[in-house]
Amino acid sequence: MKKHAIIPVFIPHKGCGNECVFCNQRRITARSAPVMPSDVDDIVEEYMSTLSFMDMEEIELSFFGGSFTGIPLDEQKAFLEVAKKYKEQGTIQRIHLSTRPDYIDERILDNLKSFGVDTIELGVQSFSQPVLDASKRGHSVESVYRSCHMIKDYGFILGIQLMVGLPEDSMEQDIFSAHQTVALAPSIARLYPTVVIPDTELYDMFLSGKYIPMEQDDAVRRTAAMYRILDDAGINIIRVGLKSSDIINGENLPSGTFHPAFRQLVEGTIAREDLDSMLSKCNPGTHVHCVCHPDSLNSMIGHKAVNRKYFSKTYPWLHISYTTDMTMKKGSYKIIT
């Protein structure tokens, strides 16, 4: 049973004066009317009324969708006063927000600390300055390092969000960003392949031929490589790819990088690569058991059983079966002959 739950409060475009080429928060959050501090009570009560919250060990109130610390300080305080009230009551246990690297300074962090904020996620997107410039992020790589260090020095939980396949991006840049993320040692991370959303500058670039979206296979391959680096460093990767609910009129998206099960595609690719290297060393006629933790079984089999079909076709001389072992680490794989 799920033990951790999130109450999301979406504040689209509030506090953000930038127009990144990929962004249209009004479309992503499916909400045009601005959320006010007075709305937070209704949001919390609505979520708490659902039975799924009855047995939660930890409930987190999260401010998403905008650059929270870019909001005028008085308005930040109004939102956080509501969140702090629920935290002091014990209704929630954590307060979580997302913002930009250049919207962090001592005054902002002092304020967040005073209201009991626990986690700050930074929309870093890339550690390559040319990629940031081409995406019109409006901040420098140096501001990323400075903000990350400040957040950790203040004792907040640090999260880093990275995007894959932005303008001027490459596999080499993605790997570099993953390694730089590891060097900063955040507790959590998100990996988002770039999705071309209508009514954005990136969409116009796509129509004019100035931007060519990644093919889905390439997006999966690049994201899987980054996932390995972060996972090996012990960073909790809490999201891979956009959720279906994050996309409005998804059938109109020109980019093939969006997939409702993108995380499974990535984790399935990692499982296939790991097992492929082991199976290739087996002698013909061998009975082979592919083994993983029960929670990783879907990844081992692959989305729509793509891995099982691949292994059957690639190794017809092996007798392959699939089983689980509760003692194994999630996301790790082995074979038993």
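Worth saying up front: this structure is predicted, and the values here are computed from it rather than measured. Basis for what follows: all heavy atoms, side chains included, without hydrogens, waters or symmetry-related copies.
Here the shortest heavy-atom pairing between L279 and L318 reads O-CD1, 3.8 Å. Taking every heavy atom of both residues into account, H319 and G285 meet most closely at CD2-O, 3.4 Å. When every heavy atom of K87 is checked against every heavy atom of Q93, the shortest pair comes out as CE-O, 3.4 Å. Closest approach of L158 to P186, counting heavy atoms only: O-CB, 3.5 Å. The shortest non-hydrogen separation linking I95 to K84 is CD1-N, 4.0 Å. For the pair S140 and L132, the tightest heavy-atom approach, listed with the atom from each and the gap, is C-CD1, 4.2 Å.
Judged by the 6.0 Å distance and 45° axis criteria, K77 is not positioned over the aromatic ring of F115. Relative to the six-membered ring of F64, R239 misses at least one condition, a distance below 6.0 Å or an angle of at most 45° to the axis.
For the side chain to side chain contact (heavy atoms under 4.5 Å, CB included) criterion with C148, the lone passing option out of I104, L122, D153 is L122.
When ring centroids are compared, Y145 and F127 come within the 6.0 Å threshold.
Hydrophobic clustering (ILVMFWY, side-chain heavy atoms < 4.5 Å, transitive): I188 and Y192 are in distinct clusters. Side-chain heavy atoms closer than 4.5 Å link hydrophobic residues (I, L, V, M, F, W, Y) into clusters, and following such links, possibly through other members, connects I151 to I71. L297 and Y310 fall within a single hydrophobic cluster, where Ile, Leu, Val, Met, Phe, Trp and Tyr are joined by side-chain heavy atoms under 4.5 Å apart, directly or via other members. Clustering ILVMFWY residues whenever any of their side-chain heavy atoms sit less than 4.5 angstrom apart, transitively, puts I238 in a cluster other than the one holding I160. Residues L109 and V117 are members of one and the same hydrophobic cluster, defined by side-chain heavy-atom contacts under 4.5 angstrom among Ile, Leu, Val, Met, Phe, Trp and Tyr.
The backbone N or O of M205 sits less than 3.5 Å from a side-chain atom of S208, completing a donor-acceptor pair. Between the side chain of Q161 and the main chain of R190, no donor-acceptor pair closer than 3.5 Å is present. Between the side chain of S277 and the backbone N or O of D274, at least one donor-acceptor pair lies under 3.5 Å. In this structure a side-chain-to-backbone donor-acceptor pair under 3.5 Å is present from S296 to G331. Checking side-chain atoms of D39 against main-chain N and O of M36 turns up a donor-acceptor pair under 3.5 Å. Not a single donor-acceptor pair under 3.5 Å links the side chain of S143 to the backbone N or O of P101. K309 contributes no side-chain N or O that, together with a main-chain N or O of G302, makes up a donor-acceptor pair within less than 3.5 Å. Within the 3.5 Å criterion, the main-chain N or O of V141 finds a donor-acceptor partner in the side chain of Q129.
At most 12 heavy atoms of other shown residues, nucleotides or ligands fall within 6.0 angstrom of atom NZ in K330. Atom CD of E168 has 12 or fewer neighbouring heavy atoms from other residues, nucleotides or ligands inside a 6.0 Å radius. Counting heavy-atom neighbours within 6.0 Å of K113 NZ, excluding the residue itself, gives a total above 12. Taking a 6.0 Å sphere around CD1 of I336, one finds it holds more than 12 heavy atoms contributed by other residues, nucleotides or ligands. Within 6.0 Å of CD in Q89 there are more than 12 heavy atoms belonging to other residues, nucleotides or ligands.
With rounding to the nearest 0.5 angstrom, the SG atom of C290 is 13.5 Å from the CZ atom of R272. We find the OG1-CZ distance between T269 and R228 to be 9.5 Å, quoted to the nearest 0.5 Å. Taking CD1 of I59 as the start and CD1 of I92 as the end, the distance is 8.5 Å to the nearest 0.5 Å. Rounded to the nearest 0.5 Å, atoms CG (L166) and OG1 (T194) are 3.5 Å apart. Taken from CE in M300 to OG1 in T324, the straight-line distance is 7.5 Å, to the nearest 0.5 Å. Here S321 contributes atom OG and I335 contributes atom CD1; the two are 11.0 Å apart, rounded to the nearest 0.5 Å.
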| said: Does I197 form a side chain to side chain contact (heavy atoms under 4.5 Å, CB included) with L202? I'd like the steps, not just the answer. | reply: CA-CA 8 Å; I197 301 173; L202 191 64; over 6 Å; no
| query | Could you go step by step and tell me if L191 and L230 meet the side chain to side chain contact (heavy atoms under 4.5 Å, CB included) rule? | reply | CA-CA 10 Å; L191 296 173; L230 301 183; 3.9 Å; yes
| said: Assess the residue pair M278 and V288 against the criterion (side chain to side chain contact (heavy atoms under 4.5 Å, CB included)); give the C-alpha distance rounded to whole Å, side-chain angles, the decisive distance to 0.1 Å, and a yes or no. | reply: CA-CA 10 Å; M278 302 178 206; V288 182; over 6 Å; no
| message | Set out, in order, the CA-CA distance, both residues' side-chain angles and the distance that settles side chain to side chain contact (heavy atoms under 4.5 Å, CB included) for I157 and E121, then state yes or no. | response | CA-CA 8 Å; I157 296 169; E121 280 193 64; over 6 Å; no
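Side-chain atoms of V35 and F10, non-hydrogen and from C-beta on, never get closer than 4.5 Å to each other. Taking the side chain as every heavy atom from C-beta outward, Y315 and C282 never approach each other to under 4.5 Å. Side-chain contact check for N307 versus Y322: every heavy-atom pair is 4.5 Å or farther apart. The shortest side-chain heavy-atom distance between Q125 and S135 does not fall under the 4.5 Å cut-off. Contact of the S177 side chain with the S126 side chain is registered, since non-hydrogen atoms from C-beta on lie closer than 4.5 Å. Put simply, the side chain of F68 does not reach to within 4.5 Å of the side chain of I120, judged on heavy atoms. The shortest distance between side-chain heavy atoms of Y47 and I6 does not fall below 4.5 Å. D325 is listed as a side-chain neighbour of K334, based on a closest heavy-atom distance under 4.5 Å.
Under the 4.0 Å criterion applied to side-chain N and carboxylate O atoms, R221 and D218 are assigned as salt-bridge partners. Checked for salt-bridge contact, D102 and R137 miss the test: no charged N lies under 4.0 Å from a carboxylate O. Residues E267 and R263 are paired through a salt bridge, judged by an N-O separation under 4.0 Å between the basic side chain and the carboxylate.
When only modelled atom types and interatomic distance are considered, E45 and Y86 share a side-chain donor-acceptor pair under 3.5 Å.
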